[in-house]
Amino acid sequence: QQGVYNQIYANARDMSGTFKLVCPLSADELNDAYVAVICDHPEIFWLENSYQYGYASSDKDTAVQMTLKYNALKSRVNSAKRDFNTEAEKICAGAQEYGSSADKEKYVFEALAGLISYSDGAKYNQTSYSGLVCHSTVCAGYARSLQYILNKLGIPCYYIYGTANGEYHAWNIVQLGGEWYNVDLTWCDQDTGAAYT
């Protein structure tokens, strides 16, 4: 799985389409590797949340090749990366004014809450690009934006997904001062202003 994870990451970065897996995997193992890449790498914002796989003729449950799918940003990825990096650098520069990781995290939290609005119909929804550049996204985009900025600042931050109130949801776990904290930027970003808890 680690080898296939590395393949998916490299091919997604290079925007390649179909490739043969370094080793056969079950459909579930392939999905786990794919989801891990998406959760670990918010900077690959041109990658879609779906893929296809080819299976061995003798075993339809064993994947032997994979085809990645991309959103419309693939066609202008260089300018999209420039826009993305510009927005990220603005927030990083502001955070660098603070000394502690906790103060930097709070600054980033409040900066993103002020920048992003929640929308189910956002362009490039669920990506870090939708949050940082389009300033409109859902929980996945909030969480991926926070993850990207904090990791860029050297603050360990993971993208977490699951269910909340019976619906799909995404948030983060952040390490500050040797302790791990759940951070839910989406739910804290209310119309009355960001409620930092």
Side-chain angles (χ1 to χ4, degrees), residues 1-71 73-74 77-78 80-81 84-85 88 92 101 105 108 124-132 137-164 168-186:
Q1 273 183 303
Q2 184 65 56
V4 171
Y5 172 103
N6 293 339
Q7 263 193 302
I8 295 168
Y9 176 58
N11 279 277
R13 233 183 27 225
D14 296 340
M15 291 171 284
S16 301
T18 301
F19 55 94
K20 183 179 178 183
L21 302 182
V22 291
C23 63
L25 292 180
S26 72
D28 287 343
E29 289 170 334
L30 180 61
N31 190 65
D32 287 347
Y34 180 78
V35 169
V37 170
I38 286 182
C39 290
D40 290 349
H41 296 284
E43 74 279 8
I44 306 178
F45 50 77
W46 52 88
L47 184 62
E48 282 285 355
N49 282 337
S50 64
Y51 62 89
Q52 293 177 319
Y53 69 89
Y55 51 82
S57 57
S58 59
D59 183 2
K60 292 186 178 182
D61 293 324
T62 301
V64 295
Q65 77 173 27
M66 185 175 204
T67 302
L68 299 177
K69 297 181 181 180
Y70 302 97
N71 62 37
L73 290 170
K74 178 185 176 185
V77 73
N78 289 333
K81 283 181 183 178
F84 181 79
N85 291 331
C92 286
S101 293
E105 186 272 344
V108 173
Y124 312 115
N125 217 345
Q126 300 190 28
T127 67
S128 54
Y129 187 92
S130 66
L132 286 171
T137 192
V138 292
C139 58
Y142 274 95
R144 287 184 169 120
S145 298
L146 183 66
Q147 176 191 19
Y148 180 76
I149 299 292
L150 291 184
N151 285 337
K152 197 165 174 57
L153 291 168
I155 300 170
C157 176
Y158 293 97
Y159 175 90
I160 307 299
Y161 69 93
T163 57
Y168 171 83
H169 191 52
W171 63 98
N172 301 97
I173 293 179
V174 181
Q175 188 181 50
L176 300 170
E179 299 291 332
W180 290 96
Y181 298 91
N182 285 285
V183 179
D184 194 327
L185 181 54
T186 308

ask   = Does any non-hydrogen side-chain atom of V183 lie less than 4.5 Å from one of L150?
value = no

**Asked** When you look at D61 and S26, which way does the side-chain contact (heavy atoms from CB on, under 4.5 Å) test go after all the steps?
**Response** CA-CA 6 Å; D61 293 324; S26 72; 6.0 Å; no

**Message:** Take a 6.0 Å sphere around NZ of K20 and say whether it holds more than 12 heavy atoms from other residues, nucleotides or ligands.
**Reply:** no

Is there a side-chain contact between E29 and V4 (heavy atoms, below 4.5 Å)?
no

Taking the six-membered ring for Trp, are F45 and Y129 parallel (under 30°), tilted (30 to 60°) or perpendicular (over 60°)? tilted

| task | Validate the cation-pi geometry between R144 and Y148: distance from NZ or CZ to the six-membered ring centre under 6.0 Å, angle to the ring axis within 45°. | result | no

query: What is the ring orientation for Y51 with Y53, classed by angle as parallel under 30°, tilted 30 to 60°, or perpendicular over 60°?
result: tilted

Side chains of V37 and Y5, heavy atoms from C-beta outward: is any pair under 4.5 Å?
yes

Between P42 and S128, the two heavy atoms sitting closest are O-OG, 2.5 Å

Between Y70 and A12 the two heavy atoms that sit nearest each other are OH-CA, 3.7 Å

Exercise. Any side-chain heavy atom of Y34 sitting closer than 4.5 Å to one from M66?
Worked result: yes

Smallest heavy-atom separation, A140 atom then Y159 atom, equals CB-OH, 3.3 Å

To the nearest 0.5 Å, atom OG of S50 lies from atom NZ of K69 at 4.0 Å

Tell me if a side-chain donor or acceptor on E105 pairs with a main-chain N or O of V174 at a distance below 3.5 Å.
no

Interatomic distance, CG@N11 vs CG@N6, rounded to 0.5 Å, equals 11.0 Å

**Prompt:** With a 4.5 Å limit on heavy-atom distance, are the side chains of D40 and Y9 in contact?
**Reply:** no

Here the pair of heavy atoms bringing L68 nearest to I8 is CD1-O, 4.0 Å

Residues I155 and S101: closest non-hydrogen pair is CD1-O, 3.7 Å

Here the gap from L73 atom CG to L47 atom CG, rounded to the nearest 0.5 Å, amounts to 11.5 Å

So CD of Q147 and CG of N151: to nearest 0.5 Å the spacing works out to 5.5 Å

Rounded to the nearest 0.5 Å, the CD1 atom of I173 sits from the CG atom of D184 at a distance of 11.0 Å

Between the CG atom in N31 and the CD atom in Q1, the distance rounded to the nearest 0.5 Å is 10.0 Å

Once the angle between the rings of Y158 and W180 is folded into 0 to 90°, is it parallel (under 30°), tilted (30 to 60°) or perpendicular (over 60°)? tilted

Heavy-atom nearest pair, A143 first then N172, reads O-ND2, 3.0 Å

Can you confirm whether T137 sits close enough to T127 that some side-chain heavy atom of one is under 4.5 Å from a side-chain heavy atom of the other? no

TODO: Quick one: do L132 and I149 satisfy side-chain contact (heavy atoms from CB on, under 4.5 Å)? Show the steps, please.
DONE: CA-CA 10 Å; L132 286 171; I149 299 292; 4.3 Å; yes

Beyond-backbone contact of N182 with I160, side-chain heavy atoms, under 4.5 angstrom
no

Report yes if the side chains of V35 and Y161 come closer than 4.5 Å at any heavy-atom pair, otherwise no. yes

